[in-house]
Amino acid sequence: MNKKNRPGALLAASALLILLSTQIHPEDSTLLGVLQTIMLGVGMAGCCMAVWSFSRGSKKK
């Protein structure tokens, strides 16, 4: 993957992780709750990294 498309792909993958984490319903299972929290955290971190990478890349002209 070339460096130009990396923030877009990271953002798409992060958004997919966030959407998948909302589909998990951990009413009785602690393990599912942990999985949901980890997926949401990784998705949020990925979104932040993609936005940071995009903003940092636009300043290097």
Side-chain angles (χ1 to χ4, degrees):
M1 177 179 301
N2 96 25
K3 206 169 191 173
K4 225 178 198 183
N5 296 333
R6 194 173 293 165
L10 183 61
L11 188 62
S14 299
L16 184 64
L17 274 176
I18 292 170
L19 287 174
L20 287 175
S21 73
T22 61
Q23 299 302 312
I24 298 174
H25 301 290
E27 283 84 20
D28 297 325
S29 176
T30 305
L31 186 61
L32 283 178
V34 169
L35 179 66
Q36 182 183 32
T37 304
I38 289 172
M39 286 176 67
L40 184 61
V42 169
M44 294 296 289
C47 283
C48 291
M49 286 174 51
V51 168
W52 180 61
S53 175
F54 178 75
S55 66
R56 189 182 61 176
S58 65
K59 291 179 184 175
K60 291 183 180 179
K61 285 189 176 182

Show the atom names and distances, to 0.1 Å, of all donor-acceptor pairs under 3.5 Å that link a side chain in residues 8-20 to residues at least two apart or in another chain.
| from | atom 1 | to | atom 2 | distance (Å) |
| --- | --- | --- | --- | --- |
| Ser14 | OG | Leu10 | O | 2.8 |
| Ser14 | OG | Cys47 | N | 3.4 |

Listed pairs under 3.5 Å, donor-acceptor, residues 34-46 side chains, sequence neighbours left out:
| from | atom 1 | to | atom 2 | distance (Å) |
| --- | --- | --- | --- | --- |
| Gln36 | NE2 | Ser21 | O | 2.9 |
| Gln36 | NE2 | Ile24 | O | 3.3 |
| Thr37 | OG1 | Gly33 | O | 2.9 |

Query raised in the report: Tracing side-chain links under 4.5 Å among I, L, V, M, F, W and Y, which residues wind up in one group with Trp52?
Result: none

Query raised in the report: With sequence neighbours left out, what residues match Thr22 under side chain to side chain contact (heavy atoms under 4.5 Å, CB included)?
Result: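 If we apply the side chain to side chain contact (heavy atoms under 4.5 Å, CB included) test to Thr22, skipping adjacent residues, there are no hits.
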
